[in-house]
Amino acid sequence: MKYAPGSIEEKWQKIWEDEDAFATAQDAPKDSAKNTSANAGDGSKPNFYCLEMFPYPSGNIHMGHVRNYSIGDVLARFKRMQGFDVLHPMGWDAFGLPAENAAIKNNIHPAKWTYSNMAAMKKQLQRLGYSYDWKVEIATCHPEYYRWEQLFFLHFYEKGLAYRKKAAQNWCPKCNTVLANEQVIEGLCWRCDSQVQQKDLTQWFMRITDYAEELLADLDKLGAGWPERVVTMQRNWLGKSVGAEIEFKLAQGEGGKNKEEGSIKVFTTRQDTVFGATFMSVSCEHPLLDQMIAGRSQEAEVRAFVEELRIAAAAGAVGAETDEKKGVFTGAYCKNAFTGELMPIYVANFVLAGYGTGAVMGVPAHDQRDFDFARKYKLPIRVVVQPDGEALNPDSMEQAYDGPGRMVNSGLYNDSKNEEAKVRIADWLEDNKLGKRTVNWKLRDWNISRQRYWGAPIPIVYCEKCGVVPEKPENLPVVLPLDVQTLPDGRSPLPEDPNFYRCTCPKCGGEARRETDTMDTFVDSSWYFARFACAREKDRPFDPEALKKWLPVDQYIGGVEHAILHLLYSRFFVKALRDFGYMQLDEPFANLLTQGMVLMGGAKMSKSKGNVVSPTEMIEKYGADTVRLFCLFAAPPERDFDWTESGIDGAYRFVQRVWRLAADLIGKLPPALACSVDPAAVSSEAARETIYREHAAVKKAGDDINNRFQFNTAIAATMEMVNHLYLVKDELSDSEEGRKTLASSMATLLCMLAPFTPHMSEELWQALGFAGRATHQPWPVYSDKAMQRSIITVVVQVNGKLRGKLEVAADTPAAELEKAALAEPNIKRHLEGLSVKKVLHVPGKLINVIAS
RNA sequence: GCCCGAGUGGUGGAAUAGGUAGACACAAGGGACUUAAAAUCCCUCGGCUGGAAACGGCUGUGCCGGUUCGAUUCCGGCCUCGGGCACCA
C-alpha cells in the first residue's frame, strides 16, 4: 500500500464535503448564551468560535496563509473532537486597491479579477483540507454584505460619530488616496511605502476618539487573552496623557505698538513646573500667529520660517526627534500669571499643530527639548523642582531634570512635593478660570474616505438645497456600479460617472449628487466576524440570538501586523454597534494569537527577493498533510520560522513512517477505540509500557494544543509514540492482548494526528477497520491510572549534582529508598570523607544528599 | 531615548510548578539490507577528559553577581539581537 497523498486527500475532501462534516448549527437555540465550558452540565453542546483573519483575495495563498490557517484548523478540529459546536468560517476581504491596480495593468475589471481570485483561492484552501463551514462564506464586495455597512454608517452619522471635516490629510501620491493615521508607517504609505504628503481635503471621519477612554480601559480586560505586546502597542497608540490646560494672556512687550488681544492655551502634563516657564512656543499653524506678527519688524522673518516648514511638510519631510530644534521670535509676549513675568513667544518647528493646543510652554529646566531650545536662543532657565539631595544650578546644568522633587522658586508652593503641587496648581487654575484639568490623546479620528473606486460607497448625498443628506435606509444598498471603466491614472471613475453620482435628494426629492468617495476597506473588516455568526440573515445585519451564542470570538488568529489597525478599528466598531443596539458585547476577540512569519534564508518571503515558496508546489510534491504538519512542527506559532527543504522532508518522512506502520498492521488488528485497553488486563511488560506511553502522549498533546498552542511539542509526542510502536509492534502482534493494545494505540495515534494530518488519519482509520470517521472521534481520554508505572527512576544527587539513578518499585517506602540511595556505590564514593547533613527527598523524582 | 520580547548543541527547537539540560526533528557519522544507489530499519551525536570496556570526572543554557540543598527557570546589574513607539509638551 503506497502512500499517495494526492488521491487520498482528494478522496476525503470530497467525502467531508458530501457529508457536510464541518457544518455549524447556525440556527441557535432560543435560550442560547455564550457557553464555552466543556462540561456545561445542562446537556447543551458548548460552543467555540475559531476565527482566522480573512485574506485579501490576491489570487494565491502564500505560506503565511498556510501557517495562519493551519493553526486555526488544528484548533477547530481539536475543539470539535472535544465536543464543542465549532464555528470556523472563511471569507474574503475583497475590496481594495490591488484589484484596481490589476485592472489597470491587465485591463480586467476589478470585480472580475476579485471574483476569479476568490474562486482560485477557495480551491487552494479546500485543497489543504481546512475544515471551514463554506456555507457561511462572505465577501465584503458583495452588496448583501456592504449594505449593512452602509446602514451602520447611517447610524454613525445620526449619532454624530461620522462627520465631515476639512483638514490637512495624509495623501499617498502613488495610491491616489488619503490614508488614516494608522496607515502611515514612519511617514510612508502602509501599502506601497511611498512618502506620504499632506493635502487639504474634506473627508469623512469616524469619531473613534469618543471611545478612547473605553478602548484604553478595556485593554485591561483583554490582558490574559491577548499578547502583552499587542496590548502595549494599542496603549501607546491611544497615547493618553493626563495634565492641565493653562491660559497665557498676550501682553504688551517692550515698545509694543500692537494691540494685544486674546490668549494662548497650552497643554502640559507638568503644570507643577509652570513657575519655570520662561518662554512660549507655538506651531506655525497657530491661529493667533497672524495677529501676533502683523506689522511687527519680525513679520518677514517669521513668515519665511513658516513657509520653510510648510514646504518641508508638504514634501513629507516629517519632523523627527533628531531634527534640529529651531524657532523664530515673533516679537509678541504673553504673561505668566504665576510669576507675573513676560514670556517671549516663538514659532518653533517641534510644536505639533495637531496635538494638544498647538502651543507649548517652555520650561527649560525640566524638559530636555525646552532646555536645548533655551540654550540655543539664550533664554532664561529657572529651576523649580529640586531633586532630593542635590541642588540644580541653572548655569551649570547640562540637561533638564524631569524627575520628582521639592518645589522651589514657586511662591506659595515652595517646599511641597512636586506631585502635590501638580494637584494644587490644577485646583488654582480651575478656581481662577485660567485653565483646567484635561486629558490628551495621541489617537486621532479615523479618516475613512478613500478616493478610490473599488470600495463600499458612502451612503451620503449632497443637495444644493438641503446640504449633506444621508441616504434613506430603505434605499440601501447604494450599489457600486460594475459597468464602469477604470481610469489609467488610478483615479476613481465614480466622480465622472453620471449614472452613479446623479441622484435625487432623499429629503426634498430634488436633483442631487452622490458622495463618490468609498469607505476605507478597514471598515469592511471591522465587523465581518459578527456577520459570520449569521451570514445568511436576509433582512437584518445580525440575528441577536446568534451573536449571543457565538461572540466574542473565542480564538482569533492572525499576523501581528494588524496589532493596531484592524484590531483597534474592530474594537471600536463593536463598542459603537453595541451602543446602536445591535449587540451586547464590549470586545470582539476574547483571545488573540499572533502568529510569526514564514521566512526563507532569514528574510520575509517576497517576490522581489526571489525567496518565495509556493504552497501549491509543495502540496503537489508532498501533499497537504505534510505541508500542514511542517508549518506546525517547525516552531511554536508565535515565533518566526525559516522554511527549509530538509525540514519539510523530515515532516514527509514522518507522515510516511506512520503510513508504513499502519499499512503493516492492516487486517491484523481488531476494531478498537482510543485508550480502550486497561493496563491491569495485560500481562506483558511491552503491552503495559505501550499503554503507558499511549496515555502519556494523549495527556501531553491535549495539554499542548489546548492550553499552550504548542503544536510542535504535541506533534513531538506523536512522534515518540510512533518510534515506540515501531519497536514493539512485532512482539505485540503475536498475542491477543498485544493486538488489542496495538489497535488501541493506533486508534489513539490517528485521533491525535487527525487535527494535523486529517486526510491520512481518515484513510488509515478506515483501512484499519475502525468504525466511523477519525474526524468525528472524541479526543482520547487518558487515565491517570494507566500512567502509573510500577518501576520508576529516582535521581540521586549529592549536593545538587547528579551522581546516580535508582530503578525502584513505585511503592518503595521513602526510608528504604533513601537507604538504597546512600548505598549506591557512586554515591558512596562521593560521600567519602564527608558527613551527611540532610537527605532531601522529592517523592517519585529525586533524592538529594546534602553533605559537607 | 522610552516600552516590550528573545539569547540553550552544527541547525530548528524541548525542559508546563525551582528538581535528570538538550525531548522531538534536521544535518552529520557509523552499521544492516542491496550487485549498486535511493529508500528503509538500527546505532552514535554539547565540549574537554579518564578508561580496554563497563562506567566515570570536569565543564556547559549571552556576561557578572545574588538567593537556594539544587537556577535555562527567581532577584540585581550589564551585553547583544529582534519588534513597537518616537519632537505627544
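Order of the sequence lines fixes the chain letters, A, B, ..., with proteins taken first and strands second; residue numbering starts at 1 for each chain. This one's a predicted model, so the numbers in the text were calculated from it and none came from an experiment.
- You'll find that the side chain of A:Leu727 is closest to B:C42, out of B:U16, B:C42, B:A25.
- Ranked by how close their nearest RNA chain B nucleotide is to the 5' end, A:Phe641 and A:Arg660 are led by A:Phe641.
- Using P as the reference atom, B:G65 and B:U59 are 15 Å apart when rounded to the nearest Å.
- Rounded to whole Å, the separation between the P atoms of B:A37 and B:G30 comes to 13 Å.
- Contact annotation: A:Lys326 does not reach the phosphate of B:C87 (side-chain N/O to OP1 or OP2, under 4.0 Å).
- The base-pairing partner of B:C81, taking Watson-Crick or G-U wobble contacts with both distances under 3.5 Å, is B:G5.
- Between A:Thr268 and A:Trp237, the residue anchored nearer the 5' end of RNA chain B, judged by the nucleotide with its closest heavy atom, is A:Trp237.
- Remark: A:Asn723 is not in phosphate contact with B:C42, judged by side-chain N or O atoms under 4.0 Å from OP1 or OP2.
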Can you pull every protein N or O that's under 3.5 Å from an N or O on nucleotides 69-73 of chain B?
from, atom 1, to, atom 2, distance (Å)
B:C69, O2, A:Asn848, ND2, 2.2

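- In summary, the side chains of A:Asp445 and A:Thr209 do present a donor paired with an acceptor at a separation below 3.5 Å, with no hydrogens or angles considered.
- A cation-pi geometry, defined here as NZ or CZ lying under 6.0 Å from the six-membered ring centre and within 45° of its normal, holds between A:Arg657 and A:Tyr726.
- OP1 or OP2 of B:G57 lies within a sub-4.0 Å distance of a side-chain N or O belonging to A:Arg803.
- The OH-P distance, from A:Tyr3 to B:U40, rounds to 14 Å in whole Å.
- A distance of about 15 Å separates the P atoms of B:U72 and B:U8, rounded to the whole Å.
- Closest contact between the side chain of A:Val842 and the listed nucleotides B:G57, B:G19, B:C24 involves B:G19.
- Rounded to a whole angstrom, the distance from the C1' atom of B:C24 to that of B:A39 is 22 Å.
- In this entry the distance linking CZ of A:Arg693 with C1' of B:A23 reads 12 Å, nearest Å.
- For A:Arg657, taking side-chain heavy atoms from C-beta onward, the closest of the listed nucleotides B:G56, B:C41, B:C24 is B:C41.
- Judged by the 6.0 Å distance and 45° axis criteria, A:Arg789 is positioned over the aromatic ring of A:Tyr692.
- Between A:Ser283 and A:Leu352, every side-chain heavy-atom pair lies at or beyond the 4.5 Å cut-off.
- Aromatic ring pairs are classed by plane angle as parallel below 30°, tilted from 30° to 60° and perpendicular above 60°; the pair A:Phe350 and A:Phe373 is perpendicular.
- Nucleotides B:G51 and B:G56 place their C1' atoms 8 Å apart, quoted to the nearest Å.
- Look at A:Arg369 and you won't find any side-chain N or O under 4.0 angstrom from OP1 or OP2 of B:G1.
- Paired with A:Phe630 under the rule ring-ring contact (aromatic ring centres under 6.0 Å, His included), one option of A:Phe756, A:Trp643, A:Tyr652 passes, and it is A:Trp643.
- Between A:Arg639 and B:A14 there is a side-chain N or O to OP1 or OP2 distance below 4.0 Å.
- One interatomic measurement links the two molecules: CE of A:Met233 to C1' of B:G82, which rounds to 13 Å at whole-angstrom precision.
- Look at CZ on A:Phe630: it is 9 Å from C1' on B:C26, rounded to the nearest Å.
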#### Entry: Residue pair A:Tyr346, A:Tyr377: steps toward the ring-ring contact (aromatic ring centres under 6.0 Å, His included) verdict
CA-CA 10 Å; A:Tyr346 281 73; A:Tyr377 295 105; 5.8 Å; yes
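- A sub-4.0 Å separation between OP1 or OP2 of B:A89 and a side-chain N or O of A:Ser241 is present.
- B:U16 and B:C3 have their C1' atoms separated by 28 Å, with the value rounded to a whole Å.
- Spacing between atom CG of A:Asn712 and atom C1' of B:U11 amounts to 15 Å, rounded to whole angstrom units.
- Nucleic acid contact class of A:Gly647 (heavy atoms, under 4.0 Å, all strands): none.
- Rounded to a whole angstrom, the distance from the P atom of B:G22 to that of B:A15 is 13 Å.
- With its glycosidic angle more than 90° from 0, B:G76 is assigned anti.
- A donor-acceptor contact closer than 3.5 angstrom links the side chains of A:Ser263 and A:Glu247.
- Counting only heavy atoms from C-beta on, A:Leu802 has its side chain closest to B:A21 among B:C42, B:C87, B:A21.
- Within the nucleic acid shown, A:Val351 comes within 4.0 Å of at least one base atom, counting heavy atoms only.
- The side chain of A:Arg653 contributes no N or O atom lying less than 4.0 Å from OP1 or OP2 of B:C24.
- In this structure, B:C33 makes no Watson-Crick or G-U wobble pair, since no nucleotide meets both defining distances under 3.5 angstrom.
- Checking the phosphate oxygens (OP1, OP2) of B:G57, a side-chain nitrogen or oxygen of A:His830 falls inside 4.0 Å.
- Across all strands shown, A:Pro227 has no heavy atoms under 4.0 Å from either base or sugar-phosphate atoms.
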### Task
Before giving the answer on side chain to side chain donor-acceptor pair (under 3.5 Å), spell out for A:Tyr782 and A:Glu694 the whole-Å C-alpha distance, their side-chain angles and the decisive distance to 0.1 Å.
CA-CA 8 Å; A:Tyr782 65 87; A:Glu694 178 187 7; over 6 Å; no
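- Heavy-atom neighbours of A:Lys265 NZ from other residues, nucleotides or ligands within 6.0 Å: at or below the threshold of 12.
- When the side-chain nitrogen and oxygen atoms of A:Gln710 are compared with OP1 and OP2 of B:A15, one or more of them lie within a distance under 4.0 Å.
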### Message
Is there a side-chain contact (heavy atoms from CB on, under 4.5 Å) between A:Thr278 and A:Val363? Walk through the geometry before answering.
### Response
CA-CA 6 Å; A:Thr278 57; A:Val363 186; over 6 Å; no
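- The CG-C1' distance, from A:Asp372 to B:G1, rounds to 13 Å in whole Å.
- Atom name C1', nucleotides B:G29 and B:G46: the rounded distance is 16 Å, in whole Å.
- Separating the CG atom of A:Asp640 from the P atom of B:G83 is a distance of 9 Å, rounded to the nearest angstrom.
- Between the side chain of A:Lys700 and the base of B:U16, a donor-acceptor pair under 3.5 Å is found.
- Neither OP1 nor OP2 of B:C85 sits under 4.0 Å from any side-chain N or O of A:Arg229.
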